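This structure is a prediction, so every number in the text was calculated from the model and none was measured. The sequence lines fix the lettering, A, B, ..., with proteins before strands; numbering per chain opens at 1.
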Protein chains: 2
Amino acid sequence: MENNENCKIELDDIGFVLKVLGGKWKLYILTSLYFEKKRFKQLERDVIGISPKMLIKELKELEAVGIVNRHTINTVPITVEYSLTENGLTLKPILGQMKQWAVQFKQQLKSDNQ
Amino acid sequence: MENNENCKIELDDIGFVLKVLGGKWKLYILTSLYFEKKRFKQLERDVIGISPKMLIKELKELEAVGIVNRHTINTVPITVEYSLTENGLTLKPILGQMKQWAVQFKQQLKSDNQ
DNA sequence: CTGTATCCCACTGGATACTG
DNA sequence: CAGTATCCAGTGGGATACAG
């Protein structure tokens with residue numbers, strides 16, 4: 001298969017990732033959930049700047065695609081726990097690579113300036 | 001260090017990545033350039049749906065942060081080649097993981113529907 | 001606490017045409 | 001070919017208040 005074919009396929013795959021994880025907030029939410037299950041309010045605090053409207057919207061989308069799980073507990077007032085599904089856990093390598101790259105690239109920028 | 005501290009740091013790192021690679025088009029452009037250096041028009045064709053305005057804007061941003069290199073050649077008409085810098089090449093693991101996850105997750109969706 | 005509903009504006013970015 | 005300029009619609013998403 002020629003190079004350009006490979007390129008198109010990979011562009012397609014990246015498009016798929018962007019469709020699922022794209023947007024302003026999803027990666028933040030997933031990063032937070034990656035550490036442990038969180039309640040709505042906890043997520044709102046973790047993801048600085050997000051409004052409840054956006055938070056619930058993103059959570060619903062992530063739930064719809066099967067990456068996030070929503071679990072309600074009948075307390076008063078109601079408690080809701082969000083967690084990663086098994087499919088959600090497969091994102092670990094992506095988030096891990098991003099984190100690693102960030103650390104590495106920040107370091108690079110620093111030494112460039114010296 | 002406690003868990004929540006780690007979470008905040010990682011959220012910060014993800015934020016950095018999003019600042020550099022976020023938006024609608026950058027990952028497409030980088031994916032395309034990852035295969036080989038490309039001319040402006042070639043990128044316009046690869047990244048389906050992008051307008052020249054957006055393409056040049058994203059390229060300038062990527063150039064500013066030192067991920068993409070712009071090289072002009074004095075032909076008539078002028079030729080411009082865009083390529084990844086050494087720093088840009090360090091993105092390979094991220095793109096690779098994304099691609100791999102896309103393939104894997106699409107497969108998962110397929111078998112869920114059966 | 002966990003969301004919903006509205007109002008509304010800034011900005012992204014699409015379409016198109018044009019220049020060097 | 002490689003970009004620039006302009007015009008403008010759509011909408012992402014902020015602020016705020018409210019409901020269950």
For this session: Return the nearest nucleotide to the side chain of B/I56; candidates are C/dT4, D/dT4, C/dT2.
Result: D/dT4
Problem set entry | Candidates A/L95, A/V65, A/L27 - the one meeting side chain to side chain contact (heavy atoms under 4.5 Å, CB included) with A/L21 | A/L27
Exercise. To the nearest Å, how far apart are A/E44 CD and C/dT4 C1'?
Worked result: 13 Å
Exercise. For the pair made of CG in A/N74 and P in C/dC1, what is the distance, rounded to whole Å?
Worked result: 17 Å
Exercise. Which nucleotide sits closest to the side chain of B/R39: D/dG14, C/dT2, D/dA2?
Worked result: D/dA2
Exercise. OP1 or OP2 of D/dG3 sitting under 4.0 Å from any side-chain N/O of B/R70?
Worked result: yes
Seminar exercise, completed: Which of D/dC1, D/dG3, C/dT2 is nearest the side chain of B/F40? It is D/dG3
Exercise. At under 4.0 Å, does any side-chain N or O of B/T79 touch on OP1 or OP2 of D/dC1?
Worked result: no
Seminar exercise, completed: Whole-Å distance, A/L59 CG to C/dT4 C1', equals 15 Å
Problem set entry | Length of the line joining A/R45:CZ and C/dT2:C1', which is rounded to integer Å | 13 Å
Problem set entry | Proximity to the side chain of B/K24 - top-ranked nucleotide from C/dC1, C/dG14, D/dG14 | C/dG14
For this session: Compare the minimum distances between each of C/dG3, C/dG13, D/dC1 and the side chain of B/K57, then state the nucleotide with the smallest one.
Result: C/dG13
Exercise. Which of these nucleotides, D/dA2, D/dG3, D/dG13, is closest to any side-chain atom of B/I78?
Worked result: D/dA2
For this session: State plainly whether one hydrophobic cluster holds both A/V103 and B/V17, where clusters connect Ile, Leu, Val, Met, Phe, Trp and Tyr through side-chain heavy atoms under 4.5 angstrom apart.
Result: no
Exercise. Can you check the A/L55 CG to C/dA5 P distance for me, whole Å?
Worked result: 16 Å
For this session: Between A/K53 and B/K41, just flag the one whose closest nucleotide in DNA chain D comes earlier from the 5' side.
Result: B/K41
Exercise. Among C/dT4, D/dG3, C/dG14, which nucleotide sits nearest the side chain of B/Y82?
Worked result: D/dG3
Problem set entry | A/K26 atom NZ, neighbour heavy-atom count above 12 within 6.0 Å | yes
Exercise. OP1, OP2 of C/dG3 versus side-chain N and O of A/K60: anything below 4.0 Å?
Worked result: no
For this session: Kindly work out whether a path of hydrophobic side-chain contacts (I/L/V/M/F/W/Y, heavy atoms less than 4.5 Å apart) joins B/L89 to B/I94.
Result: yes
Exercise. Going through the checks in order, is the salt bridge (charged side-chain N to carboxylate O under 4.0 Å, His left out) test met by B/E44 and B/K41?
Worked result: CA-CA 5 Å; B/E44 208 179 336; B/K41 201 66 181 179; 3.7 Å; yes
For this session: Would you indicate which nucleotide in C/dC1, D/dG14, C/dT4 comes nearest to any side-chain atom of A/W25?
Result: D/dG14
Exercise. Atom CG of B/L43 and atom P of D/dC1: how far apart are they, to the nearest Å?
Worked result: 13 Å
For this session: Can you tell me the distance, in whole Å, between the CD atom of A/E63 and the P atom of C/dT2?
Result: 15 Å
Problem set entry | Whichever of A/P52 and A/P77 has its nearest DNA chain C nucleotide further upstream toward 5' | A/P77
For this session: Tell me, yes or no, whether the heavy-atom count around A/K106 atom NZ, taken from other residues, nucleotides or ligands under 6.0 Å, exceeds 12.
Result: yes
Exercise. How close or far is atom C1' of C/dG14 from atom CD of B/E58, stated in whole angstroms?
Worked result: 14 Å
